[in-house]
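To find a chain, count down the sequence lines: A is the first, B the second, and so on, and within it residues start at 1. Everything numeric in this text was worked out from a predicted model, so none of it was measured.
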Amino acid sequence: MGAPRAATILHADLDAFYASVEQLLDPSLRGRPIAVGGGVVLAASYEARATGVRSGMPGWQARRLCPDLRFVGGHFGEYQRLGDAVVDLFEEFTPLVERVSIDEAFLDVHGAAHLFGAPAQIAAAIRRRVRDELGLPVSVGVARTKHLAKVASQVAKPDGLVVVDPEHERAFLDPLPVGLIWGVGPVTRARLAEAGIETIGQLARARNELLEPLLGQAASSKLGMLAENVDPRHVVTARRASSVGAQSALARQPASAPLIRSTLGYLVDRAAGRLRAGRRAARTVTVRVRFAGLRSVTRSSTFPVAVSATLTLAEAATALALEALAAHPEERDVTLVGVSLSNLVGEPGLQLELPGIGLDDRSRPGSPWGSTRWGVDRSVDAIRDRFGRHAIGYASSSLGEVDRVPEAFRTLAERRDDGVRSTP
DNA sequence: TCTGGGGTCCTAGGACCC
DNA sequence: TCTGGGGTCCTAGGACCC
């Protein structure tokens, strides 16, 4: 709706990013099916994908599909460095860069034409420079809205460029499968298929009275808008996360209080450290426990004041997890434990758990624990800043050999706030 | 031998308030 | 004395994204 606009939004998506970096680092891997990961496929090269290998797939299944598959260890630091370098390159063309993840970003180039030419030329230049200077393939979609640009980059993959002219948007969208719409996953796709809807064109023509009972109110109106090609979103350069969490898959094992306590000790330690690094505190703690058979349950509780102290959060998380286990006595084994901190409060307005108003004081009137814990956490944070996170910690905060993924992978997966990056 | 880790948003029921 | 509507917050679960 509104006045017609030119196609100035770019969506740039690095192709099979982790796998491409591995092939860049080791030329003998180029042109071969490779996967990053081990127990599970974190990324697969296009050669591997051709055999059906997909990210998230268990390693044994991937090997069965592709006997030639080479698993390579992840150079997570390199992924971070190269991902940052790509975004720096984008920012040479426009300050309006919205980083969606390590390997994906939106750019608004409406003000860049006089310097760098038309959006399609900018897209071509970006692709060339990322290839020449960093050695990586990147696909780019160019269109009038974020959604169209994103769909276009998916269509462009691998290593391609698709420009959607504003006059031909309907013709571009109509024949595409609904699964290309942002927000349509396997469940929604199956529901739509039952109603005979498989293409975006069919979805755009479907009546809301048909969709709403099928998908719910919010989803049907959102999808309806995207299918009808209405997307009011703008490119946003800075955005703060609304929750901070950590989780860990465990080798299937009986749920015991010590296991829960030590695992959550480690996970809360990580999450709370990030919380404090962002000068924030949380009011809500949510714990997730997954049982064998992938069934999972959550428990959450909300404090009257925001909390950032590791021990206070860990106690709350442990209590919630034990409660969840007690509610399911039929489940003996756990396969995953996770924690998420939400309802975040930042400065200004951050009322840390201080003596006299803190949580601890509800059970221990006048207890100075709130401030003591705050001081201890600050000291631990400071020492870790200087010497690394293993230099110091709570006795219960180590996962030891239980941790199945490298620490660097966890760090890589974190969404960083406010466009803050490690490069200047 | 059925799956990693970090996130966002939505729904539905219940408590509570006016 | 059996009965209204609206709003907000909390909780549990689920779909989806990278």
Steps toward side-chain hydrogen bond (donor to acceptor under 3.5 Å, both in side chains) verdict (A/D15, A/S20): CA-CA 7 Å; A/D15 299 319; A/S20 295; over 6 Å; no

Criterion salt bridge (Lys or Arg N to Asp or Glu O under 4.0 Å) on A/K146 and A/E98, from CA distance to verdict: CA-CA 11 Å; A/K146 288 171 81 169; A/E98 176 177 343; 2.7 Å; yes

Derivation of the side-chain hydrogen bond (donor to acceptor under 3.5 Å, both in side chains) call for A/R290 and A/T335: CA-CA 6 Å; A/R290 191 181 70 192; A/T335 60; 2.8 Å; yes

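Counting only heavy atoms from C-beta outward, the side chains of A/V86 and A/L14 approach each other to under 4.5 Å. Counting only heavy atoms from C-beta outward, the side chains of A/E198 and A/V178 never approach each other to under 4.5 Å.
Considering every non-hydrogen atom in both A/A123 and A/V142, the closest pair reads CB-CG2, 3.6 Å.
Across B/dG6, C/dC10, C/dC18, the shortest atom-to-atom separation from the side chain of A/D103 is found for C/dC18. For A/W60, the listed nucleotide lying nearest its side chain is B/dC2; candidates were B/dG5, B/dC2, C/dC18. Minimum atom distance to the side chain of A/V40 is reached by B/dG4, of the listed B/dT8, B/dG4, C/dC17. Listed nucleotides B/dT3, C/dC18, B/dG5 differ in distance to A/A249; the shortest reach to its side chain belongs to B/dG5.
Close to C/dC10, at under 4.0 Å from its OP1 or OP2, lies a side-chain N or O of A/R283. Considering only side-chain N and O atoms, A/S340 lies nowhere under 4.0 angstrom from the phosphate OP1 or OP2 of B/dG6. For A/K150, a side-chain nitrogen or oxygen approaches OP1 or OP2 of C/dC18 to under 4.0 Å.
Rounded to whole angstrom, the span from the CG atom of A/L42 across to the C1' atom of B/dT3 amounts to 11 Å. Between the OH atom of A/Y18 and the P atom of B/dG6 there is a distance of 12 Å, rounded to whole Å. When rounded to the nearest whole Å, the span between CG of A/L320 and C1' of C/dA12 equals 12 Å. Rounded to whole angstrom, the span from the CG atom of A/L214 across to the C1' atom of B/dC10 amounts to 16 Å. One atom, OH of A/Y79, and another, P of C/dC18, lie 19 Å apart when rounded to the nearest Å. Atom C1' of nucleotide C/dC18 and atom CD of A/E104 are separated by 7 Å, given to the nearest angstrom. In this entry the distance linking CD of A/Q253 with C1' of B/dT1 reads 17 Å, nearest Å. Taking atom CZ of residue A/R240 and atom P of nucleotide B/dG6, one finds them 19 Å apart after rounding to whole Å.
With A/L24 as reference, A/L82 is the one residue of A/L134, A/L82, A/L29 to meet the side chain to side chain contact (heavy atoms under 4.5 Å, CB included) rule.
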Review item, nucleotides 14-16 of chain B N/O atoms under 3.5 Å of protein N/O:
none

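The environment of A/Q217 atom CD is sparse: at most 12 non-hydrogen atoms of other residues, nucleotides or ligands sit within 6.0 angstrom.
Separation of the P atoms belonging to B/dT3 and C/dC18 is 23 Å when rounded to the nearest angstrom.
Comment: A/R127 engages A/D159 in a salt bridge, judged by a side-chain N to carboxylate O separation of less than 4.0 angstrom. Ion pair A/R32/A/D68 not flagged as a salt bridge, since none of the NZ, NE, NH1 or NH2 atoms sits closer than 4.0 Å to an Asp/Glu carboxylate oxygen. Salt-bridge check for A/R410 with A/E407: failed, with every basic side-chain N at 4.0 Å or more from each acidic carboxylate O. Between A/R170 and A/D174, at least one side-chain nitrogen of the basic residue sits less than 4.0 Å from a carboxylate oxygen of the acidic one, meeting the salt-bridge criterion.
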Paired and unpaired positions of DNA chain B as dot-bracket, Watson-Crick or G-U wobble under 3.5 Å, | denoting a partner strand: ....||||||||||||||

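Residues A/E414 and A/A218 each lie close to DNA chain B; by heavy-atom proximity, the contact nearer the 5' end of the strand is made by A/E414. Ranked by how close their nearest DNA chain B nucleotide is to the 5' end, A/V41 and A/L215 are led by A/V41.
Residues in residues 79-103 of chain A take part in these ring pair (Phe, Tyr, Trp, His ring centres under 6.0 Å) pairs, two or more places apart or across chains: A/Y18-A/Y79, A/F76-A/Y79, A/F93-A/F116. Sorted by first and then second residue, the pairs that involve residues 267-301 of chain A and meet ring pair (Phe, Tyr, Trp, His ring centres under 6.0 Å), not counting sequence neighbours, are A/F291-A/H328.
Less than 4.0 Å separates DNA chain C from at least one heavy atom of each of the following residues of residues 288-301 of chain A: A/V297, A/T298, A/R299, A/S300, A/S301. Taking a 4.0 Å limit (strictly below) on heavy-atom distances, residues 177-200 of chain A reaches DNA chain C at A/I181, A/W182, A/G183, A/V184, A/G185, A/P186, A/V187, A/T188.
Across all strands, A/S242 comes closer than 4.0 Å only to sugar-phosphate atoms, never to a base (heavy-atom distances). Heavy atoms of A/Q217 sit under 4.0 angstrom from primed sugar atoms or phosphate atoms, though from no base atom.
A donor-acceptor distance shorter than 3.5 angstrom exists from the side chain of A/R30 to the backbone of A/Q23, with no hydrogens or angles considered.
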